[in-house]
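Note that this is a predicted model, so its numbers are computed, not measured.
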Amino acid sequence: MDLIYRSTRNDHETATASQAILKGLANNSGLFVPTEIPKLDVSIKELTKMNYQQTAYVVMKQFLTDFTEEELKYCIEHAYDDKFDTKEIVPIVKAGDAYHIQLFHGSTIAFKDMALSILPYLLVTAAKKNNVKNEIVILTATSGDTGKAALAGFANVPGTKIIVFYPKDGVSPIQEKQMVTQKGDNTYVIGIKGNFDDAQTGVKKMFSDSELAKEMDAAGYQFSSANSINIGRLVPQIVYYVYSYAKLVSDQVIAEGEPMNVVVPTGNFGNILAAYYAKQMGLPIKTLVCASNENKVLFDFFQTGTYDKNREFILTSSPSMDILISSNLERLIHKIAGDSAEKCAELMQALATDGKYTITDEMKANLSDFVGEYTTEEGTAQAIKNLYEETGYVMDTHTAVAANGYQNYVKETGDKTPTVIASTASPFKFTRSVMNAIDPAYDSKTDFELVDELSKISKTTVPDAIEEIRTAPVLHDTVCEKDQMLAEVKKILGI
């Protein structure tokens with residue numbers, strides 16, 4: 001039986017997995033969700049004997065049911081290969097009281113690699129399955145990490161172009177350098193004068209512009225997305241939670257069937273939603289701790305049941321989380337509303353018109369799997385410094401938001417359940433913020449001097465992703481106003 005996907009805003013719009021991946025966003029800006037969450041069909045004992053690639057197949061075949069075994073295994077083998085700098089793909093390291101799932105060993109040293117390494121293969125396979133003749137234009141907004149990971153994944157992939165918008169002053173210097181030095185005849189990077197929410201809103205507008213879709217079709221193009229709004233981005237993220245649990249069992253940290261907690265530094269809500277889906281599949285996850293930085297729109301939502309983006313947008317040292325519209329939360333809203341597309345559409349309309357919505361008490365009761373925590377800038381820096389001084393382990397700013405949130409959660413609840421923290425980026429990606437947290441005296445050094453210093457104090461090798469951009473020339477220097485995004489896309493496509 002094929003698993004069917006449905007729009008969060010329209011019960012009548014359905015798609016197969018490959019169609020949902022191709023389309024990216026449903027009509028009316030809805031997101032595709034599976035009509036049911038499938039259960040894991042292998043035991044934990046079997047999972048403990050599997051490597052990452054085998055685990056990926058076991059999980060993804062449950063969701064991507066119109067892909068053949070051969071097609072899916074081909075995608076997995078080509079995605080999770082030697083572009084990762086560790087054989088296990090996702091090492092798990094005990095640091096302090098928690099286990100850090102290191103999701104940053106791919107080619108762009110951030111967790112987005114985990115899903116964006118496979119998305120081009122899934123997309124090209126999906127296009128063949130659905131007899132697509134158009135060139136696919138990947139249109140994406142990034143708060144820093146998605147952009148580079150998507151660019152790296154799609155560079156020179158036949159039959160595709162990729163256009164990435166990012167907030168010009170809202171990413172770290174290393175993140176920006178990674179994007180603007182990207183090679184590939186089909187890659188385009190544009191800075192906008194605005195924040196991530198402006199970029200994401202502009203991208204969503206283009207996706208739902210039916211006149212633009214007609215113009216593009218006439219010119220032989222169609223849009224798809226590499227953001228976590230694409231189900232082809234979300235499903236691969238479920239894998240590392242399943243893999244981590246099996247690893248903790250095989251390492252005898254927990255016994256089979258015993259619960260673990262998961263802490264995720266959260267911006268667009270995709271990564272923690274993947275952990276929720278893993279729990280729905282039957283993985284013994286007790287509590288999902290949603291960790292926010294000072295843009296604490298999600299923390300306030302879990303506290304009050306009101307989602308309100310009407311607030312100051314704060315630029316922090318964890319820029320990938322500087323988000324006030326967490327797109328993937330819509331999938332959870334649909335779920336806790338009893339899979340009601342009507343209720344979900346009503347709340348999303350309220351968000352679009354008033355900038356806020358409030359869920360019902362019944363919906364709030366369905367959020368019992370989640371706890372919200374948030375961390376100040378001071379708390380983020382302190383968490384980095386404390387863990388380094390206690391253990392010698394250096395974490396990036398986003399992971400520090402999660403680590404601090406975890407400490408707060410334990411203080412509040414006394415819950416000592418074994419816990420995994422999603423370590424979403426290498427500290428080398430945010431060297432200045434990380435090194436200043438350890439010792440403010442480092443601030444006088446240049447970005448690349450800090451890279452070498454970080455390598456020394458952490459006793460780790462500088463990742464290739466950083467070495468490559470030391471002297472790489474800037475290839476993309478376009479910057480536009482936020483209301484000029486459509487014009488830039490048309491210019492690139494010649495329409």
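Among the candidates I336, L298, I272, V289, the single residue satisfying the side-chain contact (heavy atoms from CB on, under 4.5 Å) test with F370 is I272. When each of V394, I384, L454 is tested with M435 by the rule side-chain contact (heavy atoms from CB on, under 4.5 Å), just one qualifies, namely L454.
In this structure, CD1 on I109 lies 13.5 Å from CG on L103, to the nearest 0.5 angstrom.
A donor-acceptor contact under 3.5 angstrom links the side chains of S423 and T399, judged on distance only. Judged purely by distance below 3.5 Å, without hydrogens or angles, the side chains of T108 and Q178 never pair a donor atom with an acceptor atom.
Between P284 and Y245 the shortest side-chain heavy-atom distance falls below 4.5 Å.
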Full working for ring-ring contact (aromatic ring centres under 6.0 Å, His included) between H78 and Y121: CA-CA 8 Å; H78 285 75; Y121 295 100; 5.7 Å; yes
Residue pair D197, N195: steps toward the side-chain hydrogen bond (donor to acceptor under 3.5 Å, both in side chains) verdict: CA-CA 6 Å; D197 289 333; N195 61 38; 5.2 Å; no
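Using a 4.0 Å cut-off between a side-chain N of Lys or Arg and a carboxylate O of Asp or Glu, R470 and D452 qualify as a salt bridge. One finds a salt bridge joining D145 and K429 here, because a Lys/Arg side-chain nitrogen approaches an Asp/Glu carboxylate oxygen to under 4.0 Å. Under the 4.0 Å criterion applied to side-chain N and carboxylate O atoms, D354 and K356 are not assigned as salt-bridge partners. In this structure, K247 does not pair ionically with E88, as no charged nitrogen and carboxylate oxygen lie closer than 4.0 Å. In summary, R311 and D300 engage in a salt bridge, as defined by a charged side-chain N under 4.0 Å from a carboxylate O. The pair D113-K83 does not count as a salt bridge, with every side-chain nitrogen at least 4.0 angstrom from each carboxylate oxygen.
Aromatic pair H100/Y393: ring centres closer than 6.0 Å.
In this pair, Y357 and Y307 present their aromatic rings parallel. The plane angle is below 30°, not in the 30 to 60° band.
Within 6.0 Å of the OH atom in Y276, the count of heavy atoms belonging to other residues, nucleotides or ligands exceeds 12.
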